[in-house]
Each structure stands twice: as C-alpha cells, then as structure tokens.
Chemist: 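My questions all concern the structure below.
Every chain is numbered from 1 and lettered A, B, ... according to where its sequence line falls, protein lines coming before strand lines.
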Amino acid sequence: MKIATWNVNGVRARIEAIVAWIKASNPDIVCLQETKVIDKEFPLSQVEDLGYHAVLYGQKMFHGVAILSKLPMQNITYGLPGIQDDNQARYIEAVISPHQQIESTNMYNRPICIASLYAPNGNPIGSEKFLYKLSWMQHLEKHAKSKLASGGMFVMAGDYNIIPSHRDAQNPASWEQDALYHKSSKAAFRRLIYLGFVDAIRAVTDSDQAFTFWNYKSDSWRKNNGIRIDHILLSPSAADNLNFVGIEDLVRSWNKPSDHVPLWADLNLASCLVPHINHRYCLSR
DNA sequence: ATGGTTGCGTAGCAA
C-alpha cells in the first residue's frame with residue numbers, strides 16, 4: 001500500500017499537476033495539505049474520476065487538508081483532537097481497510113489509520129504564531145501517544161513545518177532565526193520520535209539531500225537550496241511492514257509547481273494479514 | 001538584502 005503526502009499550495013491551482021502525478025505515481029492513499037479551499041469548491045469529480053474516495057477538511061483562503069483513498073474510509077476525525085475552538089483546518093484522520101477477507105482464505109487485512117496534517121509555520125519566532133505552533137505540536141504529541149497505545153498501524157503524514165536536523169537543509173545556517181529550525185521545534189519533532197514513531201525517510205537513508213521543499217524565491221530549486229519539512233511518521237507496527245520510501249522531487253520542475261513535492265512510503269500489507277480469530281481467549285501484546 | 005515568489009482573491013496576508 002503506497003501512502004503519499006503532498007503540500008500542494010492550493011488544490012485548485014494544482015489540480016492538473018495532481019491528476020498527472022497520481023496517474024504517474026499510482027498511490028493508494030494521498031494526504032493533501034494547503035488545499036486553500038472550502039469543501040464544496042474542492043475539485044472532487046477530478047479525483048473521483050481517477051478512482052479515489054475523498055474526505056475533506058478545508059476552509060476559505062488558508063490551510064485545509066484532505067485524504068484521497070482507493071479504498072473507502074471510515075471513522076473520520078476532523079481537526080486535531082484536544083484543541084478547543086480551533087479555527088484552522090490542519091488535521092484530518094481516517095481508517096482504511098475494512099477487515100476485508102482475502103479471497104478463499106480466512107485471512108483478513110488489519111485496519112490502518114492515516115492522518116494528513118499541516119502543522120503551523122510559526123514565524124516569526126517569539127510571536128503568537130510561534131506559541132501556537134508549539135502548542136499545536138503538544139496537542140499532536142498527546143494525540144499521537146494515545147494512538148500508539150492501541151498498537152494498531154498508524155501513519156502520520158504531512159507538512160510538519162520542522163527541519164529535524166542540520167542534515168535536512170542545504171544551508172542550515174540560513175534557517176537559524178526561523179521557526180522551522182528553532183530548538184523548540186526540533187525538540188517537538190524529537191518527542192514524536194521518542195514515542196516510538198519511525199521517520200520513514202530516515203529508515204532508508206542518511207542522505208543530506210532528501211529535501212521536500214524549495215522556496216519559490218531566490219531560485220532555490222535551481223540552486224537545490226532545499227529543506228526536508230514534509231514527513232511520514234510510522235507507528236511501530238506500520239514501520240515493521242515498510243517496503244520502500246520515495247521523494248518525487250522532479251515534480252518541482254513541472255510547470256506551475258507547488259513549493260513542496262510528494263513524498264511516499266510503501267507498506268507491505270500482505271504481511272499484515274491476520275487470521276480471523278474465533279478463539280474465546282485472545283492475547284494481545 | 002528592511003529582498004526574493006506564489007495563491008487567494010482582488011488588498012494584503014501567509015508562507
């Protein structure tokens with residue numbers, strides 16, 4: 001199961017590129033961020049024509065997240081749990097794989113929970129926006145901890161707006177006064193890792209060139225002045241089934257690109273098949 | 001570089 005994430009910077013401006021990329025990449029699940037559109041104006045028919053279901057959590061002008069999936073989705077959560085009176089559409093979560101029986105066996109697929117998130121940018125440092133970024137990350141940590149407690153497969157994909165380490169920027173020094181690279185931001189990301197998540201990219205490479213974002217300004221793409229701020233975090237049971245990880249960086253060279261590129265992780269869910277349990281006593285870990 | 005670019009929506013903010 002190929003799970004992709006892409007901050008598209010405006011789904012209406014990007015729909016042609018999204019359709020072309022989906023046809024080329026054929027993901028099973030797509031987490032979108034910065035759709036910048038209310039739900040009724042989302043270009044739904046164009047993704048449905050490609051065979052995807054969609055769940056949407058958008059708002060006017062800013063932010064906005066969505067999940068597209070070839071399989072139907074259940075138990076949708078709109079907004080990051082625990083944030084009161086949040087007026088920013090930055091989180092949506094859905095459960096996929098409805099315990100389908102595999103043909104002519106008694107094996108079933110385990111459900112997998114997918115989150116599409118768009119964490120706050122937080123600039124400038126010291127502002128209300130910065131405090132909101134750190135607060136939002138605290139709520140994410142709390143929610144993620146409760147999700148891990150179940151032991152089920154959980155994948156958090158999206159734009160975290162955090163550069164985790166010096167390896168994740170072409171020019172780390174230029175980010176030192178930026179909220180994306182502030183020590184409190186990096187600490188918030190590490191706390192997610194400490195919970196037990198696996199950073200999908202770092203499971204497969206130590207490369208210092210694994211960027212997902214290049215600023216529109218100052219010719220950043222041509223100079224490869226990039227950063228890695230889009231991440232796929234895998235719960236332990238999801239990470240156990242990780243096959244491949246990829247960054248579709250060439251999408252950045254397309255006409256009218258987003259400033260972010262798609263990132264994906266492929267899980268071998270065939271190895272996640274579980275027998276249908278009929279026993280009276282069933283031990284879980 | 002107190003800048004540089006893009007999307008949304010049509011001024012100026014957010015990134």
Chemist: Send over the distance from Gln177(A) CD to dA15(B) C1', rounded to a whole Å.
Modeler: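 Taking CD of Gln177(A) and C1' of dA15(B), I get 18 Å after rounding.
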Chemist: If you take any heavy atom closer than 4.0 Å to DNA chain B, which residues from residues 41-48 of chain A end up in contact?
Modeler: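 Nucleic-acid contacts, sorted: none.
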Chemist: Considering only heavy atoms, which members of residues 8-20 of chain A lie under 4.0 Å from some atom of DNA chain B?
Modeler: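 The stretch gives Asn9(A), Gly10(A), Arg12(A), Ala13(A), Arg14(A) as the residues lying under 4.0 Å from the strand, ordered by number.
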Chemist: What parts of residues 162-171 of chain A reach DNA chain B, counting only heavy atoms under 4.0 Å away?
Modeler: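 Contacts with DNA chain B under 4.0 Å: none.
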Chemist: Rounded to the nearest angstrom, tell me the gap between atom CZ in Arg90(A) and atom C1' in dA15(B).
Modeler: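 Rounded to whole Å, this separation is 10 Å.
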Chemist: Kindly give the cluster partners of Met137(A), where membership spreads through any ILVMFWY side chain lying under 4.5 Å from a current member.
Modeler: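 Direct or chained contacts put Met137(A) with Leu80(A), Ile83(A), Tyr91(A), Leu117(A), Tyr132(A), Trp136(A), Leu140(A), Leu148(A), Phe154(A), Met156(A), Tyr160(A), Ile162(A), Phe189(A), Leu192(A), Ile193(A), Leu195(A), Phe197(A), Leu233(A).
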Chemist: Using a cut-off of strictly less than 4.0 Å between a heavy atom of the residue and any atom of DNA chain B, enumerate the qualifying residues of residues 124-138 of chain A by number.
Modeler: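 Heavy-atom contacts with DNA chain B come from Lys129(A).
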Chemist: Step through it carefully: locate the ring centre of Trp6(A), locate the ring centre of Trp21(A), and say whether they are under 6.0 Å apart.
Modeler: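 They qualify: ring centres under 6.0 Å apart.
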Chemist: Rounded to whole angstroms, how far apart are CD on Gln33(A) and P on dG7(B)?
Modeler: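 These atoms are roughly 17 Å apart.
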Chemist: If you link ILVMFWY side chains whenever their heavy atoms are less than 4.5 Å apart, which other residues fall into the same cluster as Met61(A)? By chain and number, please.
Modeler: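 Met61(A) clusters with Phe62(A).
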Chemist: Using whole Å, report how far CG of Asn121(A) lies from C1' of dG7(B).
Modeler: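 From Asn121(A) CG to dG7(B) C1': 15 Å.
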Chemist: Would you say the side chains of Gln170(A) and Asn225(A) form a donor-acceptor pair under 3.5 Å?
Modeler: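 No - no donor-acceptor pair under 3.5 Å links their side chains.
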